[in-house]
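Read the structure below first, then the notes.
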Amino acid sequence: MQALKSEEMSQLQLVEREEIDEEEEDLFEMIDKLTAHGINAGDVKKLQDAGIYTCNGLMMHTKKNLTGIKGLSEAKVDKICEAAEKLVNYGYITGSDVLLKRKAVVKITTGSQALDELLGGGIETLQITEAFGEFRSGKTQLAHTLCVSTQLPTSMKGGNGKVAYIDTEGTFRPDRIVPIAERFGMDPGAVLDNIIYARAYTYEHQYNLLLGLAAKMAEEPFRLLIVDSVIALFRVDFTGRGELADRQQKLAQMLSRLTKIAEEFNVAVYMTNQVIADPGGGVFISDPKKPAGGHVLAHAATVRLMFRKGKGEQRVCKVFDAPNLPESEAHFSDYRWWNRRCKGLNLLQ
């Protein structure tokens, strides 16, 4: 009975898959459709084995990468790309068309009114949002809250979708999801069932986990991908200035993959980042710090948020960089305290 109840709650909390398909019909074309344009089913299977499940995703790969797939010659790749171009328009479109496409963007509430106002409504899909700051500044707490709020209906400022969580530091705690789910009036068991989790131990493992996500996102309604944190394993696996160039190149490849996932499947990417000491910060700045990852990471993130500790249980979030948000900041309570205080209350009613 309990299992049946949990399954029913899971179905209630997420919109039926058929409705999702109708809403996202124009967002991406499945790679299977290439067979109707003269592409061999065996070649389509090879693309899927390489982690390519949509025509949109296919067009995001260079021909050099595609010919690197075992069994695909240059002639086959040219034919496959020609067929994909018939299904997906990757040429010029008008500004009006871009505005129309932007209507597909979903804004996911952070659970804090002050933070939502700062972000213009919440964490957006189709982009990467980076949160950086020192330890215990609220980055991972926000990640846990987003795991729940993403599953809310869009009418309640949620994303009406599932969550993928890649953990590089071992900080994900499912028991912390329970009080957050209760706060939003949701069934904790169903919420946890809609979160897929993976623990990464090397930067290569982290990248391979991203490659495996395409199959899941092509079949199920995901709305959020969390990487906590994006830089930790790179700082461990690459040491010294001699390996810095190689590290930045590998980091750029992974960030490029995150960008493609966000745009291919209309998901929000929320990644946390560490900070490093900034000796050149100036004498007028007390305890100067800057985000790790350098310019490579700075250019990849669409929105950069700086978190820091405030007085007592207060936390401060500042818009560090964003294309459409003013440089401002918001004060909010530490989520550990906030979720204990609001346990059992549905604050969105």
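Listed by first and then second residue, the side-chain hydrogen bond (donor to acceptor under 3.5 Å, both in side chains) pairs that reach into residues 226-242 are Thr140-Asp228, Tyr165-Asp228, Glu169-Ser229, Thr171-Asp228, Asp228-Thr272, Arg235-Gln274, sequence neighbours excluded.
Counting only N and O atoms by type, the side chains of Gln249 and Gln253 include no donor and acceptor under 3.5 Å apart. Using a 3.5 Å distance cut-off with no hydrogens or angles, the side chains of Thr54 and Glu29 do not pair a donor with an acceptor. With no hydrogens or angles considered, no side-chain donor-acceptor pair links Asn56 and Glu263 at under 3.5 Å.
Ring centroid separation for the pair Phe132 and Phe307 does not come in under the 6.0 Å cut-off.
Between the Thr125 side chain and the Val106 main chain, a donor and an acceptor come within less than 3.5 Å of each other. With Lys46 contributing its side chain and Ile69 its backbone, the two residues share no donor-acceptor pair below 3.5 Å. Between the Asn208 side chain and the Glu204 main chain, a donor and an acceptor come within less than 3.5 Å of each other. At distances below 3.5 Å, at least one donor-acceptor pair connects side-chain atoms of Arg199 with backbone N or O atoms of Thr168. Between the side chain of Asn266 and the main chain of Val105, no donor-acceptor pair closer than 3.5 Å is present. The backbone N or O of Lys309 lies less than 3.5 Å from no partner atom in the side chain of Ser137, so there is not a single donor-acceptor pair.
Listed by chain and residue number, Lys318 satisfy the side-chain contact (heavy atoms from CB on, under 4.5 Å) test with Glu327 (two or more places apart in sequence, or in another chain).
Of the options Lys289, Glu329, Arg315, a side-chain contact (heavy atoms from CB on, under 4.5 Å) to Arg308 is made by Glu329 and by none of the others.
Between Phe238 and Tyr203, the ring planes are tilted. Angles from 30° to 60° get that label.
Side-chain atoms of His144 and Arg173, non-hydrogen and from C-beta on, do get closer than 4.5 Å to each other.
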